[in-house]
Amino acid sequence: MDRRRFIQQGSAFVSIGGGAVAATGLGLPLAALAQSRKETVRVLAEGAPNSQDPHGDGVSRESLGLFTNVYDRLINFDRVQLSPGVFKYDYGRFRGELAESFEQSADGRTLTFRLRRDATFHDGRPVTANDVKWSLDRAVSLPASKRQLGTGSLENPSQFSVVDAHTFRITLPRADRYTLPNLALSFASVLNAELARSHATAADPWATEWVKANAAGGGAYRVENFTPGQQVIYARFDGWKSGAAPQVRRAVFQVVPSASNRVAALLKGDADVALQLPPKDLDALTDTTRAKVLSIPVTTSFRFVAFNTQAKPFDDVRVRQAIAYALPYTSLLRGASLGRSEPLYGARSDKPTSSRFPQPYPYETQLLRARELLAQAGYAKGFKTSFSYNVGDATLAEPAALLIQEALAKVGIELSIEKVPGAQWGTLQTEKKLPFFIDSSSAWFNDPDYFFRIFFQGDWRWNFGSFRNEELARLVEQARWETDRARYDRAIRRAIEIAFEQVPLVPLWLPAFEAALQPDLQGFTYYIHGQVDFRPLVRA
């Protein structure tokens, strides 16, 4: 469905650390060993899911992959083919998932969804409109999902109504171009309301503690085993009705911190997908027929360093600008990314070239200018601070952190590098306890005004710089509803100028999504979270 016109619609062993470990020792049932390779997929990654709650706070990126496979939404993004066997989600088109059809009123304010009558949850309970309402009531009541769904005018339980057991309705205060895309995200996942409510308490009416550790879904896969920090084992739910039955019966997601071990397992046929590989390994795998390397340009993702702009010394814009002039951009791009990315630095003007965003910032390595700015801010002799990265992102973040530590020492800034466990990373970002750090993130949607709303304002995790600027907030709100393209572009250009000047975070590059697969694996579909959707995977 086009959002611009809303109409009806294995291997028995795995190599870990250089040794062969029997799969049964990893928690796999013996039955899994008899499954044909055609029906089993093993994914190796650097980080792990830390929650089973799609509405929860502080979830890891890997958890978004779990939500995609374990829960259904009313609708999902359609997809487009990029190359034989490789697809990407289509931001502008949608298809029904739990909803077999859906329609919009002429004024764009009322959305009606007709549910599949044969859909059930994993425990066999029928999915009803009451489950959808309770789930969305929950989503707009819990902090993380509330903030995201609010970007599409989904804000209050009073907007959601049950027409009958299989008809659900949403009423909007005004037509909103971001409503449908938000309903296709995992934040709008539908939970088994009866099951979740049975674990609620007076202190925890939405059963957040229970759902964090237990799935309550009806998606294409059940969680068969969840070992925090180590692995998740999925089994196909044969009662799934929201799409064609997946070919993959069992999927294993395992944490293998060593990139070289992930590569070795892939080349030996002990793994099917290897995520978060360093550029040097991807370069090497490109030259072999034993693996297929995906490289998908992503215009909504970016690698960056961020400051807590509400804490000293980063509350002084001159300190932030000084660091922006001291960063070793070329070394970072070549040393950490090996040039496999699009630079976001070195613009010739402090005025934006267009309303596209992200676009290159007007900073490059100028140590003299950095020292001058530090002196103006009262830090002529520099200062000491911590610089953090997520252990689950170490493949790129660790070499980058060392390069940044070395570069900033040249202007008197002494960094102590802190390696933060992946399970704690999201919480520390949400609670604004990281003064200075490196990370990467993605905007769910491609529009510049959305990008600014998510990353440059608000009291939430994704405002990485804890940035507050009244003029930028007014400009973004103006652009949010603007239908005149020229006025939209003017507002966004001014917002970009503010970002250039105030630098609450310093973009480094636009990465490509890259992964290595077994050559016979087809149907891989890229979503902005960069995790694996098992549902469309097939063996050629």
Side-chain angles (χ1 to χ4, degrees), residues 1 3 6-9 53-56 67 70-76 94-142 144-146 148-176 178-200 204-208 210-211 215-219 237 239-243:
M1 179 174 201
R3 79 181 179 102
F6 195 77
I7 58 175
Q8 191 114 328
Q9 294 283 315
D53 187 347
H55 306 149
F67 307 152
V70 172
Y71 295 92
D72 280 346
R73 294 136 291 276
L74 287 168
I75 61 175
N76 201 352
F94 305 91
R95 57 178 174 78
E97 200 159 85
L98 274 175
E100 63 180 4
S101 66
F102 44 101
E103 59 192 24
Q104 184 180 36
S105 61
D107 63 3
R109 295 182 55 239
T110 303
L111 313 178
T112 303
F113 302 84
R114 293 177 176 81
L115 307 184
R116 300 179 190 277
R117 293 178 177 270
D118 53 358
T120 67
F121 291 107
H122 294 156
D123 64 0
R125 234 191 103 247
V127 179
T128 71
N130 287 307
D131 294 292
V132 178
K133 175 166 172 55
W134 186 85
S135 298
L136 290 182
D137 287 354
R138 182 181 194 267
V140 299
S141 299
L142 296 178
S145 46
K146 176 181 178 66
Q148 176 57 48
L149 295 178
T151 67
S153 297
L154 301 165
E155 299 173 326
N156 194 295
S158 64
Q159 295 177 253
F160 312 130
S161 59
V162 173
V163 178
D164 59 43
H166 294 96
T167 309
F168 178 73
R169 184 164 292 156
I170 297 174
T171 303
L172 303 171
R174 64 195 294 188
D176 191 327
Y178 291 115
T179 300
L180 288 183
N182 268 287
L183 289 172
L185 299 181
S186 60
F187 296 97
S189 295
V190 176
L191 279 64
N192 184 332
E194 185 176 299
L195 176 61
R197 277 199 303 253
S198 70
H199 296 278
D204 185 13
W206 298 111
T208 56
W210 184 85
V211 179
F237 174 45
W240 188 58
K241 303 298 183 182
S242 296

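Computed from a predicted model, the values in this text were never measured in an experiment.
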If you look at every heavy atom in [X] and [Y], which pair is closest and at what distance?
| X | Y | answer |
| --- | --- | --- |
| Lys241 | Asp118 | CG-O, 3.3 Å |
| Ser141 | Pro157 | OG-CG, 4.3 Å |
| Phe160 | Ile170 | CD2-CG1, 3.8 Å |
| Ala144 | Gly56 | CB-O, 3.5 Å |
| Pro173 | Gln159 | CD-NE2, 3.9 Å |

Can you confirm whether [X] sits close enough to [Y] that some side-chain heavy atom of one is under 4.5 Å from a side-chain heavy atom of the other?
| X | Y | result |
| --- | --- | --- |
| Phe237 | Thr120 | yes |
| Leu98 | Arg116 | no |
| Leu195 | Trp210 | yes |
| Thr128 | Val162 | no |
| Arg114 | Glu103 | yes |
| Phe121 | Val127 | yes |
| Tyr71 | Leu191 | yes |
| Thr179 | Leu183 | yes |

> Are the side chain of Asp164 and the backbone of Thr167 linked by a donor-acceptor contact shorter than 3.5 Å?
Replying inline: yes

>> Test of understanding: with salt bridge (charged side-chain N to carboxylate O under 4.0 Å, His left out), list the residues that count as partners of Arg125, not counting sequence neighbours.
In response: Asp131, Glu194

> Should the pair Phe168 and Phe113 be assigned to parallel (<30°), tilted (30 to 60°) or perpendicular (>60°) ring geometry?
Replying inline: tilted

Just verifying a value: how many Å separate [X] [atom1] and [Y] [atom2], rounded to the nearest 0.5 Å?
| X | Y | atom1 | atom2 | value |
| --- | --- | --- | --- | --- |
| Leu154 | Lys146 | CG | NZ | 11.0 Å |
| Ser145 | Gln148 | OG | CD | 9.5 Å |
| Ile75 | Leu180 | CD1 | CG | 4.5 Å |
| Leu111 | Gln104 | CG | CD | 5.5 Å |
| Arg73 | Ser135 | CZ | OG | 11.5 Å |
| Asp107 | Leu172 | CG | CG | 9.0 Å |

>> Side chains of Asp72 and Trp240: any donor to acceptor distance under 3.5 Å?
In response: yes

> Going through the distances and angles, do Leu115 and Val132 end up as a side chain to side chain contact (heavy atoms under 4.5 Å, CB included)?
Replying inline: CA-CA 10 Å; Leu115 307 184; Val132 178; 3.9 Å; yes

> Stepwise, does the side-chain hydrogen bond (donor to acceptor under 3.5 Å, both in side chains) test hold for Thr208 with Asp53?
Replying inline: CA-CA 7 Å; Thr208 56; Asp53 187 347; 5.8 Å; no

>> The test is side chain to side chain contact (heavy atoms under 4.5 Å, CB included); show your working for Asn192 and Asp123 and say whether it passes.
In response: CA-CA 9 Å; Asn192 184 332; Asp123 64 0; 3.0 Å; yes

> Which is it for His122 and Val70 under the side chain to side chain contact (heavy atoms under 4.5 Å, CB included) test, yes or no, and what are the steps along the way?
Replying inline: CA-CA 9 Å; His122 294 156; Val70 172; 4.1 Å; yes

> Passes side chain to side chain contact (heavy atoms under 4.5 Å, CB included), Glu155 versus Val140? Steps please.
Replying inline: CA-CA 6 Å; Glu155 299 173 326; Val140 299; 5.8 Å; no

